[in-house]
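Just below is one structure, and these are the notes that go with it.
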There are 2 protein chains.
Amino acid sequence: MSVGKQVYLFREGNAEMKKLLGGKGANLAEMTRIDLPVPPGFIVTTEACNNYYSQGETLSEEVRNEIGDALAELEKQTGKMLGDGENPLLLSVRSGAYYSMPGMMDTILNLGLNDKTVEALATASGDRAFALDCYRRLLQMYGDVVLKIEHDTFEGVFDEIRKALNIPLGERLTADGLETLVEKYKKIIHDKSGNDFPQDPLRQLLDSIAAVFASWNNHRAIVYRRLNNIPDDLGTAVNIQAMVFGNLGEGCGSGVAFTRNPSTGEKKLYGEFLFNAQGEDVVAGIRTPLPFTELEAKYPDIYHEFERICGVLENHYHDMQDIEFTFEKEKLYILQTRNGKRTAAAAVKIAVDMVSEGVSTKNEALLRVDPAQLTQLLHQGIDPSLTIKPVATGLPASPGAAVGKVVFDADIAERRGQEGEKIILVRSETTPDDIHGIVTSQGVLTSRGGMTSHAAVVARGMGKPCVSGCESLKIDAEGKTFHLGGQTVKEGETISIDGTTGNIYLQEVPLVPPQLSEEFSQLLSWADEVRRLGVRTNADNPEDAKKAREFGAEGVGLCRTEHMFMEQDRLPIVQEMILADSLEKRKMALDKLLPIQQGDFEGILRAMAGNPVTIRLLDPPLHEFLPNPEELLVEVTLLKERGNDKAALREREELLEKVGSHREFNPMMGHRGCRLGLIFPEIYRMQVRAVSQAVAALKKEGLEVFAEIMIPLVGHFNELERMRRIAAEEIEDVSRETGVELSLPIGTMVELPRACITADQIARYADFFSFGTNDLTQMTFGYSRDDAEGKFLPFYVKDEILPANPFAILDREGVGSLVAMAVRLGRESKPSLKLGICGEHGGEPSSIEFCHEVGLDYVSCSPFRVPVARLAAAQAAITEKDQ
Amino acid sequence: MSVGKQVYLFREGNAEMKKLLGGKGANLAEMTRIDLPVPPGFIVTTEACNNYYSQGETLSEEVRNEIGDALAELEKQTGKMLGDGENPLLLSVRSGAYYSMPGMMDTILNLGLNDKTVEALATASGDRAFALDCYRRLLQMYGDVVLKIEHDTFEGVFDEIRKALNIPLGERLTADGLETLVEKYKKIIHDKSGNDFPQDPLRQLLDSIAAVFASWNNHRAIVYRRLNNIPDDLGTAVNIQAMVFGNLGEGCGSGVAFTRNPSTGEKKLYGEFLFNAQGEDVVAGIRTPLPFTELEAKYPDIYHEFERICGVLENHYHDMQDIEFTFEKEKLYILQTRNGKRTAAAAVKIAVDMVSEGVSTKNEALLRVDPAQLTQLLHQGIDPSLTIKPVATGLPASPGAAVGKVVFDADIAERRGQEGEKIILVRSETTPDDIHGIVTSQGVLTSRGGMTSHAAVVARGMGKPCVSGCESLKIDAEGKTFHLGGQTVKEGETISIDGTTGNIYLQEVPLVPPQLSEEFSQLLSWADEVRRLGVRTNADNPEDAKKAREFGAEGVGLCRTEHMFMEQDRLPIVQEMILADSLEKRKMALDKLLPIQQGDFEGILRAMAGNPVTIRLLDPPLHEFLPNPEELLVEVTLLKERGNDKAALREREELLEKVGSHREFNPMMGHRGCRLGLIFPEIYRMQVRAVSQAVAALKKEGLEVFAEIMIPLVGHFNELERMRRIAAEEIEDVSRETGVELSLPIGTMVELPRACITADQIARYADFFSFGTNDLTQMTFGYSRDDAEGKFLPFYVKDEILPANPFAILDREGVGSLVAMAVRLGRESKPSLKLGICGEHGGEPSSIEFCHEVGLDYVSCSPFRVPVARLAAAQAAITEKDQ
């Protein structure tokens, strides 16, 4: 096997060589290349790491020779010699993989110290304690990293001496104490490993490099890679760099800085530093760091040089940088630079500003912002500076944060809410009967139900925060209290919930308002220029549609009609319709619903005028609209026991029986979707008629409206063929009756595995497919979302059985394969077929990327996800082009 | 377009030409070819039918010419001329498609009669009324079939005259009356069609042929084809045949015969006939047909000639024949032959006998028996001669019939059953608490739940008849009555149920015992010689395993462990295990279960010694083992209301809460299968240990036993990888503890769409796949079987939205595609992978054919389906070879 160059001097590499040199190494090389003051060094490559493993975990002769050559060069550059008794070269040895894996692998500092060179360092620094402290750190790190001696063994001895000398924790020992400590450490190494600490610095170096390579496969690194989907065969590089000391007294110091404000994005150096300190000390929090004004005051040259370098780096990387620096004896060194982490608001501002400044391109700006972060900007949120820990975490069912007084009953919530109080409605789960209480609440908290539970769906629809399925929440509705995290909360006490994270706080927490800015609009308008995917919204009412339109939605991809049925004024009619024991009675109830539905559709079509609105016919099992059978059972039991109201008993018993006959073992897979439409075609006829009449009425007003009829839950083409025929009949009838020409596309929601497998057949009867990836995920995995997210899914994700919750991030291997199959078969059968997605994945960046790759025409998502989708769609288009 | 020959004389065709000549025509040609006395004729082909449609529903010049030529030849053969005033040729015109479509298309008889030839027929027959009656029938059929005149128009006039002449229904009118009728019929034709009845017989013939072609696309024929999956483009042929008359007085008659007894299979001519009658009269039931002894007595020559011909036909077709014959003036004609319908017992006997007789080959014998029929022979059944209609029909949940007294309570069923009474347990649905009552009952009837409900599964396991999900059954358990079909039945009254058909009778009906014969065993041993698929059984206990072994099972393909948990002595321990609030307590309960489970496994492994036994680890959601929460709710409500037992209230409330916390919205897709094993590995560990200890114990006894561990409901390879690791650990531990070498294959049940799609990944951790097509069908269609079969599926099948219930017959397009994908991906990834099926489809012939085609190694089915599977597997192998 021919082996390439395995060791690179910093000056031989550049930023493009991340794969070979690791991220840190490539950046050090890049900074060296552009003449920034980086302590010199060299990199042993990731390839050398892989060779190390393929050669039975040994360093080959070749790589040892290359290391020797690089070391000689380094000695020449620094004018210091490794192991020299006068002017010894000291080294740091650090890991650096392609992907940053902070803290996962090992580091050794002060390498090159031994019994001789430590004296040279003492002399050179004029600080013997400093030199000894460096030495004892090397011994400890070497013992730990190379020899795998328990960390505690060293700490125990350290503590003994510290206590004996009565020195407080965090302060340096005296030189005498350190001398003793060094001896004890050397003895530990001898006793535990059977060998003395190697006095030969080259031996130290080779041992350390091998140990860093070995740390690539330590347990925590393996776990981290699994968790972050990092391939095992990338390997790590090792960076060997001359040590510089920010803690060598006067003219020394260390600091960290962001080139712009990471909270606001303001273009101003943002950071802090300490005199006479190393990088660790700045972040450790024992000493309070100083603002840069003090650096500027004391060492203006250093400060201005640093400021200049920050500009150079930002320009060079086209992004805001997070930089570590040290100055030793008034000489400035840059130790690390990387793209800085930032808040969503800052990310947007920085990205847009940098385009104005000419630093980066629009595409670069679009790629710099994490789409998922954007939602933070759209909702009231919990102040990010909050340090209080949540008492519990439920499911993040509807984003945004809310503070309010606990109420357990929808009627009370309504009354107190109308009186102006801020209310959090707390229920085990909500039902259609609770909607008036949700309307007047700030947010909803439930102990049962998942991301698609009634509470979650209704709250998202209303844009209200909701935390659902908090299983540890024990509600005593009668006693008007709940128990959570060992505390008891009474009605009227204030709590806070964060529907973005699922966090629950048993107190009031400070909130921050939504943060929309000019830059935000600017960035999204650039996104619209490059994206190929259309972005629609899921909206069931005019308010949501309007909101989504403000956020840039280009239509409604999913208008669910069942939520219209659940509103309080309709529910009695809907129940009448369901419980009708004859077709006639059902039709009478439907006749009452027709004008109401027509009004619903007129509202949403008007709000989206000029854009398509996909209306899904009734989907959920009918019993969802009926009274709770358990409450009825209790009523009946009590009426029987009391025996004083035979008439009421009979009436309730009959109702219980009817409700019971609608109950299903697995309603998710029961009599719902087009199965309703096939058996009760009169329901779908009424809905299609309502849509058609709404379109006709608006067209007569002169509005351009585009309604599309979507048949849910089709698994066999015959279902769609029949439903299409029925829908077409109604449309034609209304067209004839109104004299308005109506051409409404009719399509289907693809949400069953069988629909994907037979998409070619189904496409023959469909003008469009809209992938319902929520249900498709449920069926493909065999997971009931409401059950899974409360029971086993969190464990599955935590324990890495699944890489992610497939309801949040589309499972490309399984569900995605079915979607891709349906796209291929559907388009083969009907090239004009329009394809979209209306499952929640339509608002999730990675899933949107998949939708782009697989060739969908649009994504549809909840209003507050529309900006996310616009940006994610743009990123997908840019990334694809770049490849 | 070049058109081939479109008209064939009978003597130009043969039995192989069914596609072109239709079934009836090909058989008529074949009989002509082997010189049987068939009235001569010719066939207008199915191709001519398709040409008729492609030419705008007209007969082309070419086909008219060919018909003319064939007619001339027919006149030559018969010595009669169409339209001849002395000796007219009369014709029948009948449809005959590739697949028999009885009664779906049209027929015209006596064609060739007109005002002139009717007189010739009167003279020739010496019976003027006969001739006139033939003529009025022609007028009526022509009016109906060719001119589409309402049937009732003719019948009305007929009735008028009949009443005026005072002639009873069913008797022939007088000649005068018929004369009047003929005139009136001609007037109807003139008035309704605007034209006179065509006196030109050739015109009659061409009109009739066109009308038969047109009848291919009448509504009932289209519906029939859809229902029977007959392609629309096959077309029908038309058979034109010289009329013969069995009703021309002395020396005339008609009859039908089976060449063997269709009930028993006995080799003896079986049939009946009438003197002076046409075929219709024999089956019409107005006159009582005579036994053949009377024919033999009066016309021994005719009888012996017929007997000889029956022998010829049977030998010729290698199958028992159903033959229609007529003799006119002592001349015998064979009008039709086809393979005769027969009972299961007869089918088996005939098939085997014919091989002994050298008439047919073993493969032919195997193809002659419908595998689905075999189950009839294995169970006690309702006497097939029963004419009583069932009062209602539920789901055929467990085959066999039972008669017994109605009991609504398992305890009472147990007591009375033990006292020797025959009991039918009637429940809305059963739970594990009812098992002791099922054991002592003859059968089970439920109003809720489907083919996989508790009652169905338990009853099938016990081999007891069960009718489930009879939604019209209203049970008043407290009042100890049920209502069904307008009747009320009290406890103790006798009813009958047929679990093979789902029929329910509110009285005692006669039963017939299982009918196993030597021929049955013989046939199945031939099946074993040719089949490639292995046949295993689904069995949860030693009794089932033994039974299945008697029926020829070669192993257990699915041993469900949950039924073991449900037995009354274990249930309290299982509940203790589930409700344990700590790992320790759960382990304590599991420790109690371990020896019991080991005993279970020893029993079944011993019963199947020498053969593999696939043991599926715990699969159902845990709440299935818990008390009914609604009953608990009633208890709690009453305890609260009465307020007199605080301790009991507290205890019940706590239990209700615990039970409630295990409830799921959609348990089918909830916390079950390997999701249990992953979160509670201690349960699976106990089960694997029990299996391993059982194997070790039996091996020490010197028995050869082969247990296989099956992990259910795997959707992601990580699930199997972990479960496999855990199982392997336990096996190794037991191996070490016992000193017995254990090598237990570990595989998975493939029952989720995602498992099929990612089968390549999963196969890496599996020694075998067993397709669980019940759940796979549920997930692929998104149908909860328990809900669908009671609600929309019957409608779907009846209304032809689906071709069949996909839980009965595997859906090849959808579910089958996934199975085929999993087979391909699985074998690509691991060529040694063993593949089987353990869903109920494993016992259904068409699905077994699919399993064979797709390349599975074995099917597994319930014990009583094993013979079905052996035969169906043989048929699949033979059919494949033949192609």
Side-chain angles (χ1 to χ4, degrees), chain A residues 449-450 453 471 621 629-630 633-634 636-638 641-642 657 661 664-671 673 675-676 678-679 713 715-716 718-719 722 751-758 761 775 778-788 791-792 795-796 799-802 811 813-815 817-818, chain B residues 448-450 453 471 474 621 629-630 633-634 636-638 641-642 661 664-671 673 675-676 678-679 713 715-716 718-719 722 751-755 757-758 761 775 778-788 791-792 795-796 799-802 811 813-815 817-818:
Chain A
S453 64
E471 302 240 329
E630 281 166 25
L633 180 61
V634 169
V636 165
T637 306
L638 289 176
E641 172 73 6
R642 291 170 190 164
E657 199 191 309
S661 77
E664 296 185 298
F665 297 98
N666 300 285
M668 182 58 61
M669 310 167 79
H671 192 188
R675 302 163 197 170
L676 291 173
L678 282 156
I679 297 199
L713 215 68
H716 192 285
N718 273 336
E719 294 174 317
R722 293 190 190 204
E751 51 191 331
L752 294 172
R754 199 180 187 285
C756 296
I757 301 166
T758 63
Q761 301 176 347
D775 275 10
Q778 293 199 96
M779 301 303 165
T780 305
F781 277 90
Y783 292 167
S784 160
R785 184 172 186 181
D786 281 334
D787 300 310
K791 293 215 152 75
F792 58 88
F795 170 83
Y796 265 41
D799 220 40
E800 296 167 50
I801 295 168
L802 293 179
D811 159 52
E813 286 184 340
V815 179
S817 291
L818 284 173
Chain B
R448 295 190 68 197
S453 64
E471 302 239 330
K474 300 291 172 210
E630 281 167 25
L633 180 60
V634 169
V636 165
T637 306
L638 289 177
E641 172 74 8
R642 290 171 190 163
S661 77
E664 296 185 297
F665 297 98
N666 300 284
M668 183 58 62
M669 309 167 78
H671 192 189
R675 301 162 199 171
L676 291 174
L678 282 156
I679 296 196
L713 215 68
H716 192 287
N718 273 339
E719 294 173 318
R722 291 189 193 203
E751 51 191 331
L752 294 172
R754 199 180 188 286
I757 300 165
T758 61
Q761 300 175 347
D775 274 10
Q778 295 201 98
M779 300 304 165
T780 305
F781 276 89
Y783 292 167
S784 159
R785 183 171 187 181
D786 281 334
D787 300 310
K791 294 214 153 74
F792 59 88
F795 169 85
Y796 264 41
D799 220 39
E800 296 168 51
I801 296 168
L802 293 180
D811 159 52
E813 285 184 338
V815 180
S817 291
L818 284 174

So, the part of A:H716 with a heavy atom under 4.5 Å from chain B: the answer is side chain
Could you tell me if the side chain of A:Y796 sits less than 4.5 Å from the side chain of B:N718, heavy atoms only? no
Of the listed A:D775, A:L638, A:T758, A:V636, the one with the largest count of heavy-atom pairs under 4.5 Å with chain B is A:L638
Nearest heavy-atom contact between B:M669 and A:Q778 is CE-O, 3.3 Å
- Below 4.5 Å, heavy atoms only, C-beta onward: do A:R754 and B:E813 meet side chain to side chain? yes
Applying a strict 4.5 Å limit to non-hydrogen atoms, the region of B:E471 in contact with chain A is neither
Under 4.5 Å to a heavy atom of chain A? For B:D811 that would be side chain
When the 4.5 angstrom heavy-atom criterion is applied to B:T780 and chain A, the contacting part is both
Legend entry - Validation row: B:L678, A:F795 side chains within 4.5 angstrom (heavy atoms): yes
Practice problem: Using a 4.5 Å cut-off on heavy atoms from C-beta on, say whether the side chain of B:R642 contacts that of A:E641. | Solution: yes
Residue from B:S784, B:S661, B:G673 scoring the most non-hydrogen pairs under 4.5 Å with chain A is B:S784
CG of B:L818 to CG of A:L818, rounded to nearest 0.5 Å, is 7.0 Å
- Message: Quick one, B:D787 and A:N666 - any side-chain contact, counting heavy atoms below 4.5 Å?
- Response: yes
Turns out that what part of B:I801 lies under 4.5 Å from chain A's heavy atoms comes down to both
### Query
Less than 4.5 Å apart, any side-chain heavy atom of B:K474 and any of A:E657?
yes
Applying a strict 4.5 Å limit to non-hydrogen atoms, the region of B:R675 in contact with chain A is both
Greatest number of non-hydrogen atom pairs under 4.5 angstrom with chain B, of A:R722, A:E719, A:E751, A:Q761, falls to A:R722
When every non-hydrogen atom of A:I757 is compared with those of B:G814, the smallest separation belongs to CD1-O, 3.7 Å
Closest non-hydrogen contact found for B:L752 with A:F781 is CD1-O, 3.3 Å
Counting heavy-atom pairs under 4.5 angstrom with chain A, the leader among B:G715, B:P667, B:G670, B:G782 is B:G782
